[in-house]
Amino acid sequence: MRKWNFSAGPAAIPEPVLQEVQSELLEWKDSGMSVMEMSHRSSDYIGIANQARQDLIDLLEIPNDYQVLFLQGGATLQFSMIPMNFGSQKVGDYALTGSWSKKAINEAAKIIDVNVVTSTESSNFDHVPNEESWNCSEDAAYLHYVANETIQGNALHAPPVTKAPLIADMSSVILSEQIDVSKFSMIYAGAQKNIGPAGLTICIIKDSFLDTASSELPGMLQYAKHADAESMFNTPPTFAWYLSGKVFSWLKDMGGLKSIGEINKLKAKKLYDFIDQSDFYSNPIFKENRSKMNVPFLLADSKLDSEFLHDAENAGLLNLKGHRSVGGMRASIYNATPIEAVEALINFMGDFQSKHG
Ligand SMILES: *Cc1c(COP(=O)(O)O)cnc(C)c1O
């Protein structure tokens, strides 16, 4: 029996998508084979891939002067590819707002000079300072920030206004609400949080920014090579691309990002409201920077943590353990987690509190 899955990633996938994939698993349409068994150069597969790309463009309203790439290596490879492609001879500006921005900085520092424009590490990343206080370089190659810190559960809800080209890691927030892509030079996201299965990374890059990329790198590490080859420079992760395409079309059926954005807002509000009115549970993040996707919470008595997790699992609520670096609990409530799951979690939390509070 399927249960409510609050995993941070790989994370829940919409059930109708899984059912559709199941119905096509042995044979896709009248092709005589599974999508997994198709050549990525076949007309059937090219059709699947192009449709998925177009649906993503429609959902995010990506302007014409952007490339949309379907790559591998996870968001983590982007931590290196970005400074390799765009950092030549220059400094990279980075906001340090959580564990993922820290990893991005550590990788970039192997390749370019990094200027940390702001850091909240000393307060355990409990907020994201306003960009007016950021210490930006005069001539940065780009400014990198993590729009939603998956581990700490903080977020910057509007893109910072900066002089340097803006790059956002949106791994855990992409497609959760409408955004204005034109504000960014590059957006990237690993698929396994809010898109589809692991193994696929989406990169959205503005043409004029792509023109500034290095052409000295090994082919696999050049965005331009992937763009020229329409993400088929080598064999792409064909099944993950196909399955992500199903998620895009599910999102379109749901009414697109405006509708899902409203649902996500409501889900997060319900959960935070419940946490805030309780003295048994707490969330440490400044209200204006709370993530709508990843909701960490602590029990007043951490000795009850393992019992909480055990009972939650018995109640059909899975993967609520917080990241080992933060402790406590974390409920990831991405697009595929419906409001019923959040309500079930709140009911459970209420019952657990009455038993122990
Ligand atoms: C999960 C995550 C990553 C790392 O993704 P991989 O696909 O494992 O490389 C990077 N950034 C953010 C914000 C994430 O949530």
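Counting convention: from 1, in listed order, for ligands and their atoms alike.
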Point to revise | Residue G74 vicinity, atoms of ligand 1 by number, heavy atom under 4.0 Å | key: 7 (O), 9 (O)

Exercise for review: Report the relative orientation of the aromatic rings in Y223 and F86; use parallel for angles under 30°, tilted for 30 to 60°, perpendicular for over 60°.
Suggested key: parallel

Check your understanding: If hydrogens are left out, which of D169, N294, N194, L200 has an atom nearest to atom 11 (N) of ligand 1, that is, the closest non-hydrogen atom?
Key -> D169

Review point. What is the ring orientation for Y145 with F184, classed by angle as parallel under 30°, tilted 30 to 60°, or perpendicular over 60°?
Key: parallel

Point to revise | Shortest protein contact, atom 5 (O) of ligand 1 (heavy atom only) | key: A75 CB, 3.6 Å

Practice item. Give me the ring orientation class for W100 and F79: parallel if the planes are under 30° apart, tilted from 30 to 60°, perpendicular past 60°. Key: tilted

**Study point:** Residue of the set Y242, F233, W241 for which ring-ring contact (aromatic ring centres under 6.0 Å, His included) holds with F70
**Key:** W241

Check your understanding: Does E149 approach ligand 1 within less than 4.0 angstrom via side chain, backbone, both or neither, non-hydrogen atoms only?
Key -> neither

Point to revise | Atoms of ligand 1 close to V146 [distance to a heavy atom under 4.0 angstrom, numbered from 1] | key: 13 (C)

Check your understanding: Starting from atom 8 (O) of ligand 1, which protein heavy atom do you reach first, and at what distance in Å?
Key -> Q192 NE2, 3.5 Å

Review point. Are S332 and N294 linked by a side-chain donor-acceptor pair shorter than 3.5 Å?
Key: yes

Review point. Is ligand 1 under 4.0 Å from a heavy atom in the side chain of Y188, in the backbone, in both, or in neither?
Key: neither

Review point. Under 3.5 Å, is there a donor-acceptor pair linking the side chains of E288 and H127?
Key: no

Check your understanding: For ligand 1, which atoms, with element, lie under 4.0 Å from some heavy atom of F79?
Key -> 10 (C)

Check your understanding: Which residue owns the protein heavy atom closest to atom 9 (O) of ligand 1, what's the atom, and how far is it?
Key -> T76 OG1, 2.5 Å

Revision key, fill the gap. Closest non-hydrogen atoms of L298 and G328, given as atom of the first, atom of the second and distance, are CD2-CA, 3.7 Å

Review point. Under 3.5 Å, is there a donor-acceptor pair linking the side chains of S137 and N115?
Key: yes

Practice item. Report, in ascending order of atom number, the atoms of ligand 1 lying under 4.0 Å from any heavy atom of T150. Key: 12 (C), 13 (C), 14 (C), 15 (O)

Revision key, fill the gap. Filtering K193, K103, Q72, M170 for the heavy atom nearest atom 14 (C) of ligand 1 leaves K193

Practice item. Could you tell me which atoms of ligand 1, counted from 1 in the order shown, lie closer than 4.0 angstrom to a heavy atom of N148? Key: 13 (C)

